[in-house]
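First the structure, in the form of structure tokens, and then the observations on it.
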Amino acid sequence: MTEIHPTAVIAPEAKIGSDCVIGPYCVIGKHVELGDRCRLHSHVVIDGYTTLGTDNEIFPFVSLGQRSQDLKWRGGITYTRIGNRNTLREAVTVNSGTGEGEVTEIGDNNLIMAYCHVAHNCCLGNHIIISNGLAMAGHVTVEDYAVISGLVTIHQFVRVGTMAIIGGSSKATQDVPPYVMADGNPVRPRGLNKVGLTRRGVSEAAQLQLKRAYKLFFRSGMALDNSIKELESQGTLLPEVQHLVNFVKNSPRGVCR
């Protein structure tokens, strides 16, 4: 049974799932869809064309689906879509897309800690951990199982690869490759995320091949194109290494080195 505090303000048109808990002074707009078993602690504002899946926990003073801060915004219908089993801690803000029909999207099973900002048109995958005070510009992509430490800033259009870790207070102005630990201002690769690879069950063979790729890409001094050719000449690439190669090949901003 859904529980709604008497001080909450919910538009009659909003769609509220079953067994939700909506705490004091929450405000929910008319185009919002809230999935089953979501919990809004208090003072949560959800507006715009915003959809949440099931089992999300939203802490006080979170703002979801408000208009993009992008100066290119010219009106129209834009979207915010959040999946299932996410935890958004205090004062997180997630803005909607900028252009007509555009989307800001967060997947499943993510933890976004206090005072983080997810800007317009960002796309976050699944099982991501983001620590306090992240400032994420527009059009950023974060792949599954990435870990972003506190007080990190990420430039617009940057991509963060799967299982990458960014150290605290770093500034990411170029893509952070998958499986890499990166740190600094500007951010630089510091080694492979061996602990994360092992925890995720990546095979020893794949880890060995990733180590070889890391040395070619980030320690050999070779141009990236030549590093990729050298790696591919050594035999068939395992899926994890192929993902790294594809990520590097398809990097509009270039990868940090």
Side-chain angles (χ1 to χ4, degrees), residues 1-126 128 130 132-142 156:
M1 181 177 177
T2 293
E3 301 176 21
I4 300 175
H5 194 275
T7 61
V9 179
I10 302 175
E13 300 90 341
K15 298 178 181 179
I16 308 298
S18 61
D19 301 316
C20 290
V21 177
I22 300 175
Y25 303 104
C26 293
V27 179
I28 299 179
K30 65 180 180 179
H31 300 297
V32 173
E33 298 183 19
L34 200 64
D36 297 343
R37 299 177 302 280
C38 288
R39 181 179 181 186
L40 281 55
H41 282 258
S42 73
H43 300 86
V44 174
V45 176
I46 308 178
D47 206 358
Y49 288 81
T50 301
T51 303
L52 278 75
T54 61
D55 300 292
N56 293 291
E57 186 171 12
I58 314 297
F59 280 77
F61 302 104
V62 168
S63 172
L64 304 177
Q66 298 281 10
R67 195 183 86 186
S68 165
Q69 298 178 81
D70 189 346
L71 295 177
K72 297 191 297 297
W73 189 83
R74 295 293 180 268
I77 296 175
T78 61
Y79 299 91
T80 306
R81 295 175 184 151
I82 298 174
N84 308 311
R85 299 175 300 279
N86 296 288
T87 299
L88 277 59
R89 294 303 306 245
E90 295 80 359
V92 165
T93 55
V94 181
N95 291 160
S96 68
T98 288
E100 176 74 35
E102 294 180 352
V103 182
T104 301
E105 190 165 10
I106 297 175
D108 303 331
N109 300 295
N110 299 297
L111 170 59
I112 304 178
M113 299 184 198
Y115 297 99
C116 291
H117 176 64
V118 180
H120 62 90
N121 297 79
C122 288
C123 180
L124 277 61
N126 308 308
I128 296 163
I130 301 176
N132 303 282
L134 167 82
M136 181 182 292
H139 299 275
V140 167
T141 298
V142 183
Q156 54 262 43

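Throughout, residue positions are numbered sequentially from 1 according to the sequence presented. These values consider heavy atoms only, across backbone and side chains, with no hydrogens, waters or symmetry-generated copies.
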**OP:** Determine which pairs satisfy salt bridge (Lys or Arg N to Asp or Glu O under 4.0 Å) with at least one residue from residues 41-65, sequence neighbours left out, and list them in order.
**Re:** Arg37-Asp55
Original post:
Once you round to the nearest 0.5 Å, how far does CD of Gln69 lie from OG1 of Thr98?
Top reply: 10.0 Å
**OP:** Provide the full list of salt bridge (Lys or Arg N to Asp or Glu O under 4.0 Å) pairs with a residue in residues 88-115, sequence neighbours left out, each pair given once.
**Re:** none
Original post:
Of the non-hydrogen atoms in Trp73 and Gly97, which two are nearest, and what is the gap between them?
Top reply: CD1-O, 4.3 Å
Original post:
Distance from Ile130 atom CD1 to Cys116 atom SG, nearest 0.5 Å?
Top reply: 6.0 Å
Original post:
Can you name the residues that form a side-chain hydrogen bond (donor to acceptor under 3.5 Å, both in side chains) with Thr78, not counting sequence neighbours?
Top reply: Ser96
**OP:** Go through the steps for His139 and His120 under the test side-chain contact (heavy atoms from CB on, under 4.5 Å), then give the verdict.
**Re:** CA-CA 7 Å; His139 299 275; His120 62 90; 3.5 Å; yes
Original post:
Does the side chain of Asn121 come within less than 4.5 Å of Asp70's, by heavy atoms?
Top reply: no
Tell me which donor-acceptor pairs under 3.5 Å the side chains of residues 8-22 have, and how far apart each pair is, sequence neighbours excluded?
from  : atom 1 : to    : atom 2 : distance (Å)
Ser18 : OG     : Asp36 : OD1    : 3.3
Asp19 : OD1    : Met1  : N      : 2.3

N/O donor to acceptor pairs below 3.5 angstrom from side-chain atoms of residues 28-35, sequence neighbours left out:
from  : atom 1 : to    : atom 2 : distance (Å)
His31 : NE2    : Tyr49 : OH     : 3.3

**OP:** Indicate yes or no: at least one non-hydrogen side-chain atom of Val94 is less than 4.5 angstrom from one of Ile112.
**Re:** no
Subject >> Partners meeting side-chain contact (heavy atoms from CB on, under 4.5 Å) with Asn86 (sequence neighbours left out) >> reply: Asn56, Ile82, Leu88, Ile106, Asn110
Original post:
Does Tyr115 have any side-chain contact (heavy atoms from CB on, under 4.5 Å) partners at least two apart in sequence or in another chain, and if so, which?
Top reply: Ala91
Subject >> From Leu52 atom CG to Asn84 atom CG, the distance as rounded to the nearest 0.5 Å >> reply: 9.5 Å
Original post:
If you measure from CG on Leu124 to CD1 on Ile128, what distance do you get to the nearest 0.5 Å?
Top reply: 4.5 Å
Subject >> Closest non-hydrogen atom pair between Cys38 and Gly53, with its separation >> reply: SG-O, 3.1 Å
**OP:** Search all heavy atoms of Pro24 against all heavy atoms of His41 and return the closest pair with its distance.
**Re:** CD-O, 3.4 Å
Original post:
Which residue pairs pass the ring-ring contact (aromatic ring centres under 6.0 Å, His included) test with at least one member in residues 81-113, sequence neighbours excluded?
Top reply: none
Subject >> All side-chain contact (heavy atoms from CB on, under 4.5 Å) counterparts of Val45, not counting sequence neighbours >> reply: Val27, Gln66
Original post:
How would you list all residue pairs meeting ring-ring contact (aromatic ring centres under 6.0 Å, His included) that involve residues 82-101, not counting sequence neighbours?
Top reply: none
Original post:
What are the two closest heavy atoms between Ala137 and Ala119, and how far apart are they?
Top reply: C-CB, 3.5 Å
Original post:
Can you find a heavy atom in the side chain of Phe59 that is under 4.5 Å from one in the side chain of Val92?
Top reply: no
Subject >> Contacts of His43 that satisfy side-chain contact (heavy atoms from CB on, under 4.5 Å) - sequence neighbours left out >> reply: Tyr25, Phe61
Subject >> Pairing residues for Arg81 by the side-chain hydrogen bond (donor to acceptor under 3.5 Å, both in side chains) criterion, not counting sequence neighbours >> reply: none
